[in-house]
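These notes are about the structure you will find just below.
Chain naming here is simple, since letters A, B, ... match the order of the sequence lines and numbering starts at 1 in each.
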There are 2 protein chains.
Amino acid sequence: MRTLDHPDVQEIALDQVLSALADPIRRTIVAQLADGHDDQACIAFELPVTKSTSTHHFRVLREAGVISQRYRGTAILNCLREDDLAHRFPGLLDAVLAAEAPTGR
Amino acid sequence: MRTLDHPDVQEIALDQVLSALADPIRRTIVAQLADGHDDQACIAFELPVTKSTSTHHFRVLREAGVISQRYRGTAILNCLREDDLAHRFPGLLDAVLAAEAPTGR
DNA sequence: CCCGTAGTACGCTCCCTGTCGTACTAACCG
DNA sequence: CGGTTAGTACGACAGGGAGCGTACTACGGG
């Protein structure tokens with residue numbers, strides 16, 4: 001089974017998290033994960049970019065510590081690291097998600 | 001008197017705010033402003049960059065809607081747009097500031 | 001009026017990031 | 001084994017952003 005590197009909770013850096021969340025495509029991913037679509041494969045997110053670009057965005061999110069990814073067959077299950085982010089930067093993720101979707105979610 | 005363009009409250013874009021706050025130098029500025037140093041001139045922030053780069057960062061913050069600037073003589077007084085940001089993206093600025101300075105402020 | 005101070009404008013690098021395409025690997029399914 | 005599916009690796013390219021230096025402008029003070 002292949003493995004993927006994830007930063008430890010203490011290693012999550014504000015710089016990287018903010019940069020990661022500054023991209024609209026990546027916020028789309030995060031919003032969908034937050035919206036109860038945890039454990040979705042990358043392919044399930046209908047992003048307006050090609051597969052390789054998609055891979056890139058998922059990696060940025062993972063390396064920033066925003067999501068976690070684990071293999072399951074040929075697919076990857078994506079999860080939002082809500083607890084870790086809430087522990088490291090309380091309120092940040094919530095604020096960004098709320099900012100993104102002002103009309104209830 | 002010269003004037004400077006500021007985005008209207010409704011025009012403040014999440015993309016730009018997050019990008020602006022993703023830079024450590026700009027977060028330094030924001031943190032100092034939040035720390036009771038409102039109305040400081042640009043020169044008062046001892047930043048590890050030259051004047052022209054400094055100008056650049058202040059402009060990015062202003063155009064993102066994070067700070068407001070107004071001329072006073074040859075200087076510019078900088079203010080954090082706390083209320084506008086809190087209104088547009090509730091909790092966001094607080095979360096970033098708290099994340100930056102975990103040991104009390 | 002001249003000078004100093006504070007900031008801007010502009011041009012220039014360099015590097016990083018988003019995007020793509022193509023070729024590849026890993027896992028599962030017949 | 002062969003094929004399909006999901007994702008990766010890698011190279012190329014364009015654009016933007018941070019950084020600098022130099023030359024300039026606006027304001028206030030002597």
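Between dC20(D) and T50(B), a contact under 4.0 Å exists linking OP1 or OP2 to a side-chain N or O. The shortest distance between the side-chain N/O atoms of T53(A) and the OP1/OP2 oxygens of dC20(C) is below 4.0 Å.
The residues R27(B) and D15(A) are annotated as salt-bridged, a charged nitrogen and a carboxylate oxygen being separated by less than 4.0 angstrom. Salt bridge status for D83(B) with R88(B): absent, with no side-chain N to carboxylate O gap under 4.0 Å.
Atom C1' of nucleotide dT17(C) and atom CD of E63(A) are separated by 13 Å, given to the nearest angstrom. Rounded to whole Å, atom P of dT17(C) lies 16 Å from atom CG of D15(B). At whole-Å resolution of the value, CD in Q16(A) and C1' in dT17(C) are 14 Å apart. If you take CG of L47(B) and P of dG19(D), they are 10 Å apart, rounded to a whole angstrom.
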Next item on the list: Could you encode protein contacts along nucleotides 3-13 of chain D as a string, one character per nucleotide from 5' to 3', using B for base contact, S for sugar-phosphate-only contact and - for no contact, with a heavy-atom cut-off of under 4.0 Å?
Entry: --BSBBB----
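Residues of residues 19-26 of chain A having a heavy atom closer than 4.0 Å to DNA chain D: none are found.
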Note to self: As a quick check of understanding, evaluate side chain to side chain contact (heavy atoms under 4.5 Å, CB included) for C42(A) and Q69(A), giving each step before the final call.
What the structure shows: CA-CA 10 Å; C42(A) 295; Q69(A) 303 187 291; 3.9 Å; yes
Margin query: As a quick check of understanding, evaluate side chain to side chain donor-acceptor pair (under 3.5 Å) for N78(B) and Q40(B), giving each step before the final call.
Written below: CA-CA 6 Å; N78(B) 297 279; Q40(B) 284 220 345; over 6 Å; no
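Heavy atoms of other residues, nucleotides or ligands lying less than 6.0 angstrom from CG of D8(B) number more than 12.
T50(A) and T53(A) share a donor-acceptor pair across their side chains, judged by distance under 3.5 Å alone.
By the rule that hydrophobic residues join a cluster once side-chain heavy atoms approach within less than 4.5 Å of another member, L14(A) and V60(B) end up as members of separate clusters.
In this structure, the ring-ring contact (aromatic ring centres under 6.0 Å, His included) partners of F58(A), at least two apart in sequence or on a different chain, are F45(A).
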